[in-house]
Amino acid sequence: MAKIFIFGGSGRVATDLIKNLVADGNTITAAARHPENIIKLDGVTAEKLDLHADVDDIAKQVKGFDAIYFTAGSRGKDLIQTDAMGAIKTMMAAEKAGVKRYIMLSSMLSLDINSWKKIPSLEDYLAAKFFADTYLMDSTNLEYTILQPGSLIEEAGTGKIQLNVEATDSNPIPDVAKTLAAILKYPNTIGNVIPMSSGKTPIDDALKEI
C-alpha cells in the first residue's frame, strides 16, 4: 500500500492511527521527540524528531514517503513552536521533499475566529491551529485534508460519525484515528476541511459522501 510518515507518533490519536494504517497494509515511520514511546508493531519504524528542527532537516526525514500525517500537539506547553510553526515547517518540508498528500489533525472551530471567545481556555490553542490550517490551505500546493474533531475522549469507538457538524460534540479517540486512516483511501477528501463528531453513519459511508 502506502509508505506513510506520522508527526506526533507517540500521541494518543497517533497510537490508534498507526494500528489502523498497519491493518490496512501500510508501512509506517512514526516520529516523536521521545521515540521510545511510539507503539511497537511490525511495519512501524520509530524515529526521533523535534519540531524545533530546521525545515531542511525535516525534509530529509520525510523524503520518499507517499503521505504525511500531522497529529503532533504540545497540550498547551509550546503552542507557537509546535502546534503552529512546527506544523508549518512540516508542510514546507513536505513540499521540499516532494510529498504531496498531507493529512492534518486539527480541531473543531479552528477556522471560526468569532467562536473562540466562547471557550476562553482554548483560545490560544485554536489560534495556533488557525495559523497552521490557513497556511496549509492558502500557502501550499499540498493535497491536504484537514480533520476537525471536537473534544477527544478516551472511550471505546463506535465506528460511526457525523461530518460537517457545527456543534463541538465529543469524539472517542478510536473513531478519530479510524477516520484519519480512512481519509487516505478517499481522494474525494483532498482539499476539504472536515468537521466531525460522533454520529450514526459508518465512517467509510460518511467519507464517501464528501
Side-chain angles (χ1 to χ4, degrees), residues 1-2 4-28 30 38-39 41-44 66-73 75 83 87 101-112 115-116 118-119 121-122 125-126 129-130 132-133 136-137 142-210:
M1 295 288 285
I4 300 167
F5 194 96
I6 300 175
F7 291 98
S10 62
R12 297 176 299 168
V13 174
T15 298
D16 281 349
L17 171 61
I18 290 167
K19 294 176 185 176
N20 285 299
L21 290 172
V22 168
D24 287 340
N26 300 294
T27 300
I28 312 301
I38 293 169
I39 188 170
L41 290 174
D42 289 342
V44 178
D66 300 310
I68 286 171
Y69 281 89
F70 187 89
T71 66
R75 297 200 182 189
D83 301 69
R101 191 69 171 105
Y102 190 104
I103 300 171
M104 165 68 83
L105 174 61
S106 186
S107 177
M108 187 81 75
L109 305 179
S110 68
L111 299 174
D112 185 4
S115 68
W116 298 354
K118 300 174 187 175
I119 38 177
S121 63
L122 292 179
Y125 169 71
L126 291 171
K129 299 305 287 185
F130 169 84
D133 291 353
L136 179 56
M137 292 186 295
L142 296 170
E143 296 175 351
Y144 70 83
T145 303
I146 299 172
L147 185 67
Q148 297 182 315
S151 301
L152 303 181
I153 54 174
E154 294 183 355
E155 291 184 0
T158 66
K160 296 182 179 181
I161 61 174
Q162 181 178 352
L163 300 184
N164 299 318
V165 292
E166 296 182 3
T168 57
D169 292 336
S170 60
N171 296 261
I173 288 173
D175 286 341
V176 174
K178 199 167 188 178
T179 303
L180 284 167
I183 282 171
L184 189 65
K185 297 182 284 187
Y186 293 99
N188 59 305
T189 62
I190 292 173
N192 280 283
V193 178
I194 308 173
M196 71 167 284
S197 70
S198 296
K200 298 181 180 179
T201 305
I203 289 169
D204 284 293
D205 290 346
L207 293 174
K208 287 175 186 176
E209 294 302 315
I210 292 175

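This structure is a prediction, so every number in the text was calculated from the model and none was measured.
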Which atom pair, heavy atoms only, marks the closest approach of [X] to [Y]?
X	Y	answer
A156	P172	O-CB, 3.7 Å
D66	R101	O-CB, 3.6 Å
V176	P149	CG2-CB, 3.9 Å

Only pairs at least two apart or in different chains count here, so list each salt bridge (Lys or Arg N to Asp or Glu O under 4.0 Å) that has a residue in residues 150-160.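 Only R12-E154 qualify under salt bridge (Lys or Arg N to Asp or Glu O under 4.0 Å).
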Just grab all the salt bridge (Lys or Arg N to Asp or Glu O under 4.0 Å) pairs involving residues 142-153, residues at least two apart or on different chains.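 Qualifying pairs, neighbours excluded: none.
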What pairs of residues pass the ring pair (Phe, Tyr, Trp, His ring centres under 6.0 Å) test when at least one of them lies in residues 4-28, not counting sequence neighbours?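 The answer is F5-F7, F5-F65.
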Using a 4.5 Å cut-off on heavy atoms from C-beta on, say whether the side chain of [Y] contacts that of [X].
X	Y	value
L184	M1	no
L207	L163	yes
I68	L142	no

What is the distance from atom [atom1] of [X] to atom [atom2] of [Y], rounded to the nearest 0.5 Å?
X	Y	atom1	atom2	answer
M196	N171	CE	CG	4.5 Å
L105	I6	CG	CD1	11.0 Å
S107	D112	OG	CG	11.5 Å
T189	L147	OG1	CG	9.5 Å
I146	I194	CD1	CD1	9.5 Å

Using the side chain to side chain donor-acceptor pair (under 3.5 Å) criterion, which residues pair with [X]? Sequence neighbours excluded.
X	result
T179	none
D175	T158
S198	none
S106	S110, D133

Holding to ring-ring contact (aromatic ring centres under 6.0 Å, His included), I want the full list of residues that pass it with Y125, two or more places apart in sequence or in another chain.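 So Y125 forms no ring-ring contact (aromatic ring centres under 6.0 Å, His included) with any residue.
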Inter- and intrachain pairs under side chain to side chain donor-acceptor pair (under 3.5 Å), touching residues 199-210, at least two apart: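 Side chain to side chain donor-acceptor pair (under 3.5 Å) check on residues 199-210 returns Y186-D204.
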Take K118 and L109 through the test side-chain contact (heavy atoms from CB on, under 4.5 Å) and record every step on the way to the result. CA-CA 11 Å; K118 300 174 187 175; L109 305 179; over 6 Å; no
For residues 13-27, run the donor-acceptor check on the side chains, cut-off 3.5 Å, and write out each pair with its distance to 0.1 Å, sequence neighbours left out.
from	atom 1	to	atom 2	distance (Å)
T15	OG1	G11	O	2.8
N20	ND2	D16	O	2.9
N26	OD1	A2	N	2.9
N26	ND2	L21	O	3.0

Evaluate the side-chain contact (heavy atoms from CB on, under 4.5 Å) criterion for residues L41 and I28: first the C-alpha distance (whole Å), next the side-chain angles of each, then the deciding distance (0.1 Å), finally the verdict. CA-CA 10 Å; L41 290 174; I28 312 301; over 6 Å; no
After noting the C-alpha distance and the side-chain angles of Q148 and L111, does the key distance pass the side-chain contact (heavy atoms from CB on, under 4.5 Å) rule? CA-CA 10 Å; Q148 297 182 315; L111 299 174; 4.0 Å; yes
Set of residues satisfying side-chain contact (heavy atoms from CB on, under 4.5 Å) with respect to A72, sequence neighbours excluded: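 Result, side-chain contact (heavy atoms from CB on, under 4.5 Å) vs A72: L51, F70.
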Quick one, T145 with L180, criterion side-chain contact (heavy atoms from CB on, under 4.5 Å). Give me CA distance, side-chain angles, the key distance, then yes/no. CA-CA 9 Å; T145 303; L180 284 167; over 6 Å; no
